[in-house]
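Heads up: the structure comes next, in structure tokens.
Along the sequence shown, the residues carry numbers beginning at 1.
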Amino acid sequence: MARSGVSQNVFIVVIPKPGPARLWYDLPGIIHTLPSHHYRNEDPIIIINTTHSSMLPTTSAPPPTSPSIPKPEPSPCDLIEEAAALHCIGPLVDYAADLSNNVLHPPLSAVEMTCDKYNQYMMCTQGVRPDCRQSRAPNIEFMYETICEEKLAAIMKEEKTCLLEVENDKNVKECFVNKTNTLRDETPDTVSTTQNYECTVIQAYVDCLIEREETTCRDAVKIEISFLSMLAKRNSEARCELNTDATKARPKAQPLEECDTQGNCKCRLPGYYYEAARKKCLDVDECESLSSGCSQKCINLPGSFECTCDQRFYKLAADNKTCERIDQSPMWLFFAHGQSVWNISTDGKSFQLQRAGLQKTAMIDIDVKENRLYYADIGANVIERMNIEGTFPQAVQRFDVDGLEGIAVDWIGRNLYSLRREDVLVQSLDGRFRQSVYRNVMKLPRSIALHPSKGIMFVTDWSANAFIAAASMDGSHFRKIITDRITWPNAVAVDIFAEKIYWADAFLDTIESCNMDGSARRIIIADAGSVPHVFGLAIADDFLYWTDWTYRGILRANKHSGENITVLAQTALLPYSLKVFHKTLQPEQVSTCASRGCDQLCLLGENGAATCACGEGFDLQIDGKTCRSNCSDSQIECGGADPKCISKIYLCDGLAQCSNQADELNCPPRICLPGQFQCHDNRKCLPPGGLCDEVADCADSSDEMYCPHQTKNARKDFVLNSPSLRKERSVGEWDNFI
């Protein structure tokens, strides 16, 4: 069709009549271009002829003859209405985009969500005339109207659990795919109309439901078949009468098994294996066997599989397995080096000193949102944070850092988790509020990693009974998921996109992985020469990164196979904790905590939960949000590891009553000896015995101000230490800092 010197592209677009039959022609959920024998004469065909002007010949020539474009049939919609209707219909058909769902219709188990979508669709199309709206997707509208009919919807809600079981029945799915595959191979010449083919497909699914081996949830099966019958009969011209009687003979689909005369059998379709004991072809679960090689998620299908990526940050590569990061800005590795913290490029070619002058720093983590580095200096008994750009460090905690064995930033709930002795601790990122979320659950804690969007943390313990545990980040549920074949689980990391955890055992010299519930455990690397003593572990894209004490270096390998082990760098001292910095690895999302209104701490939980909590020395009030100290108005609360209430009499007496010295902060200059009471007007010093003796020795009566008894006034009467009494005295320097 192209003349010399002219590049001409011809696109043929077939617009079928309304009806979903052709969307079901191939594997469920996959929309394919139909072969030519499925085009019908009444389907309008648009031929778009495009010519590249840059390649037109310089000599004059008659223009190519363009095929005539047939005029569209009259439509009840104008351009604006049609665009609006098509825009609004999108959410109603998203059920067909997920291959793990039943593509004949939306899942009946999710009837509430389905009807909410339909209501939103009706609101979205309020400005569209009904005849126009109905002409765009009549079958879809009929289907949703049927599902949301009040009585039928009520029945579906009652059978929600069983409907979900039927929808997820692997045998039914496999049966349906096998039958439709057979139809694809055998039907083209025998199926004359779309309606007949649609009826055959629906009948195939009904057959699979009837043949279902499970005897449970029979009412749910009846509901499903009844609904399919209503769909089949929606068009009187189709004359689709489904055979729903299990006793009636039906033509059997072509079996998957092929056997020769000697009884040697095999499966005629790829993706299946023959099991001799059952004399049946069974689906190969490529996802479970890990033969899929998917970077992130794997969806098993009868006879096949599909890899998917988190579309916010990754795209599927041409091999349909690898997830390629959209943001190609460089990643950086941060690692603790004892007396310093460094960052290094992922190719090992660029080093930079991040923080020097430390005493003993082994544990670090990063917060991409605020561009901060957190680290615990065990030698200096402090947790600090600093901007990665190099600003001065800020102390987060100055006590109880000894014995700390891991820190992890919750980048969604904005908290810092840590392991210390037998407890799992959480505190606000600035360190103001701190509490134990789990007490006495650890023996020898070692490593911690978070999956904030799931509300789950993973912790390791290398005691005599070593384990890896998964726990709710709100302190509600702690369960051990790995307890055997584990000795020194030195490091744990979470692949948040694949929803797997990886850990390194420094005694067994292995790196292993499993699902987040402990299932599908497998060894990635088992080689004393490659992983002799791993300390820190991190995951990014398709790579594992780790620090090793024997190598005194940082290494990398493929996270699926453990192959291509590369030494990125070697260090002078032992390398410790390792983290990867990139915004893709800490995805931003709206936190449930944003709407909780918590006074001090908000702890994320599983299934989207969020719980308010209070720091040590505070009690959560009945509203579930407000925190109030368990101290009276005449007391001050001591924070830190030793929460208690002390009388304000002892404020600024020169002797620290609180372990965190809260009673000696922001004090005026002292003129008295330690232990003496200094009148608030700073004019007199009293011995301890002169306090609360019902005699005002200070000119401002401050020595009797916070006493448990009544205070004697100038007329020898006793009055309550009321706010009115405070107003009568002069406002001095003490009032400015109390």
Can you confirm whether the side chains of [X] and [Y] place a donor and an acceptor under 3.5 Å from each other?
X      : Y      : answer
Asp377 : Gln359 : no
Gln394 : Glu384 : no
Glu389 : Asn371 : yes
Asp327 : Ser329 : yes

Can we say the SG-SG distance for Cys598 and Cys593 is below 2.5 Å? no
Does the Lys NZ or Arg CZ of [X] fall within the cation-pi geometry relative to [Y] - under 6.0 Å from the ring centre and within 45° of the axis?
X      : Y      : value
Lys579 : Phe334 : no
Arg385 : Tyr374 : no
Arg312 : Phe497 : no

Plane angle bin for His337 and Trp342 - parallel if under 30°, tilted between 30 and 60°, otherwise perpendicular: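 Answer is perpendicular, since the angle exceeds 60°.
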Gap separating the CZ atom of Phe478 from the CE atom of Met457, nearest 0.5 angstrom: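 Phe478 CZ to Met457 CE: 8.5 Å, rounded to 0.5 Å.
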Sorted by first residue and then second, give each side chain to side chain donor-acceptor pair (under 3.5 Å) pair with at least one member in residues 536-548; sequence neighbours left out.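 For residues 536-548: Ser295-Asp542, Tyr314-Asp541, Arg325-Asp541.
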If you measure from the Lys or Arg side-chain nitrogens to the Asp or Glu carboxylate oxygens, is any gap between Lys583 and Glu588 under 4.0 Å? no
How about Val341 and Thr361: do any of their side-chain heavy atoms sit closer than 4.5 Å?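 Yes; the side chains approach each other to less than 4.5 Å.
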Flag the pair Ser472 / Arg479 as yes when at least one side-chain heavy-atom distance between them is below 4.5 Å, and no otherwise.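 Counting from C-beta outward, Ser472 and Arg479 do come under 4.5 Å.
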Check: Gln600 side chain, Arg432 main-chain N or O, donor-acceptor pair, under 3.5 Å: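 No.
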Run the side-chain contact (heavy atoms from CB on, under 4.5 Å) test against Pro91 and tell me which residues pass, sequence neighbours left out.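 Per chain and number, Pro91 pairs via side-chain contact (heavy atoms from CB on, under 4.5 Å) with no residue.
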